[in-house]
Amino acid sequence: MATDLSVTFTGLRFENPFLLASAPPTESESNITRAFDAGWGGVVTKTIGLHPVTNVAGPKTRFLRATPESSQLSMRKRPGTALHSSWNWELISDKTLDWWVPRLGRIKRAYPSRVLVTSIMAGSGSDSELKHWQTLALACQDEGADALELNLSCPHMDRPDMGSNIGKDPELVSVVTQAVKDVARVPVWAKLTPSTTDIVVEARGAFLGGADAVSSTNTFPSLPLIDPETLEFEMNVDGLVSSGGLGGPAILPQSIAKMSQLTQAFPDRAFSGIGGIGEFGHALNYFLLGCGTVQVCTAAMLDHAIGPNVVKQLVAGMRETMERHGWSSLDEFRGLRRDRVVVHSKIRRPEGEAYRGGYDAEGYAGAESSTEPTAVTKG
Ligand SMILES: Cc1cc2nc3c(=O)[nH]c(=O)nc-3n(C[C@H](O)[C@H](O)[C@H](O)COP(=O)(O)O)c2cc1C
């Protein structure tokens with residue numbers, strides 16, 4: 001049987017389950033049309049809002065790189081490094097809704113079979129702010145948006161009623177989702193922040209508000225590192241820095257941990273997996289845990305701004321993996337490893353004499369293994 005990469009997710013058909021996440025790769029009409037030409041099954045636009053947006057002076061995103069065979073981590077450009085993460089303090093789109101509206105319509109008319117999801121954001125502190133969500137939702141769906149993704153997760157917001165400050169409050173998540181659902185004729189996805197104790201609580205709020213899917217994760221709150229030479233943060237404006245978001249390879253294990261909690265708590269719900277995906281092997285983690293689509297940001301930013309080679313590898317990797325396992329569609333392997341994540345006490349222990357606790361080794365720093373990397377083995 002021929003391998004079929006297409007998926008149906010929240011009632012929408014995607015040619016393949018790979019989307020560009022809401023971020024610089026989807027900040028303009030030309031980027032989005034290039035992305036569709038390159039083969040992405042869908043895009044989530046850069047978040048659109050109604051409030052004025054002015055970004056910081058200087059770069060909004062930089063990349064932290066590791067020097068192999070050493071412990072050096074730095075944003076400084078130098079040869080022979082490996083990508084560790086992206087760090088950004090970029091706000092939502094600084095283009096107005098009026099700027100976006102005609103472009104959304106043109107994109108959708110030019111690519112009717114590709115999925116255009118619009119990411120939207122407003123506040124939650126008053127009825128008029130909730131109306132802003134509805135204004136944004138109506139304007140986008142009237143131009144042909146196939147779905148709406150609610151940005152409840154931007155990590156760098158001073159306003160207490162916006163971004164991840166909504167995402168940290170399950171009641172607000174519910175209220176905002178419900179307000180959008182009241183006017184939406186298209187599926188509504190809620191994008192949650194990883195920066196809470198138990199993401200299942202906020203996801204429940206989203207589903208109670210009527211969300212058709214949950215997207216997870218946005219970036220993790222973090223700071224750039226301090227340069228040991230200059231004693232300045234590697235990214236700063238006038239010496240000052242503020243909390244920003246970590247993305248890319250460093251967050252893959254953390255993001256799949258969040259996703260595992262979500263898909264176990266809601267095995268019958270739809271999830272779009274995000275965080276650290278650069279190749280199909282990474283995306284496969286999300287699919288095996290139960291996701292129906294995945295989204296990519298950092299890896300695409302570093303590949304001609306919209307990821308033509310990344311999507312080529314994702315599609316080829318999925319086809320090759322499906323052929324190797326004899327799977328004919330994503331449904332045949334979605335969630336296959338969801339139940340392998342269990343509470344700690346369910347992990348088998350060695351029995352009887354086989355277990356010598358900490359008595360037969362001095363951790364990783366034993367004298368006989370002096371060529372191995374050393375580590376402290378507490379906790
Ligand atoms: C520079 C930059 C800007 C971003 N802007 C948005 C945004 O406007 N809306 C949003 O929901 N997420 C935004 N994100 C988060 C990404 O969509 C994504 O959730 C995150 O980067 C994790 O994916 P990754 O590991 O593939 O980068 C942004 C990320 C970066 C790096």
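Here, residue 1 is the first one in the sequence, and each next residue gets the next number. Every heavy atom of this structure was used, including side-chain atoms; hydrogens, water molecules and symmetry mates were not. Atoms within each ligand, like the ligands themselves, are counted from 1 in listed order. Just so you know, these numbers come straight off a predicted model, no measurement behind them.
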- Does an N or O from E149, backbone or side chain, lie closer than 3.5 Å to an N or O of ligand 1? no

message = For the 3.5 Å polar cut-off, considering only N or O atoms, please tell me whether K46 and ligand 1 meet it.
response = yes

| Test: E202 and K258 ion pair at under 4.0 Å | no

So is G276 polar-close to ligand 1, meaning N/O to N/O under 3.5 Å? yes

Are G248 and ligand 1 in contact, using a heavy-atom cut-off of under 4.0 Å? yes

among protein heavy atoms, the one nearest atom 15 (C) of ligand 1 is N218 OD1, 3.3 Å

Nearest non-hydrogen contact to atom 31 (C) of ligand 1 from the set L19, N88, I48, T47 belongs to N88

Atom 1 (C) of ligand 1: closest protein heavy atom, distance to 0.1 Å, is T61 OG1, 3.0 Å

At the 4.0 Å heavy-atom cut-off, does K60 count as touching ligand 1?
-> no

Note: heavy atom closest to atom 17 (O) of ligand 1, options C297, S22, G244, belongs to S22

- Does ligand 1 have an atom that lies less than 4.0 angstrom from a heavy atom of T217? yes

min-distance protein heavy atom vs atom 21 (O) of ligand 1 -> T219 CG2, 3.5 Å

In ligand 1, the atoms that come under 4.0 Å of a heavy atom of N151 are 9 (N), 10 (C), 11 (O)

Short version for I274: what comes under 4.0 Å of ligand 1, heavy atoms counted, is side chain

Here the atoms of ligand 1 under 4.0 Å from any heavy atom belonging to G247 are 25 (O)

Open item on the list: For ligand 1, which is the ligand I care about here, please tell me if K191 has any N or O atom under 3.5 Å from one of the ligand's N or O atoms.
Closed with: yes

Residue pair S93 / W100, side-chain donor-acceptor N/O under 3.5 Å
yes

Salt bridge K108-E143, side-chain N to carboxylate O under 4.0 Å = no

Atom 27 (O) of ligand 1 has as its nearest protein heavy atom T298 OG1, 2.5 Å

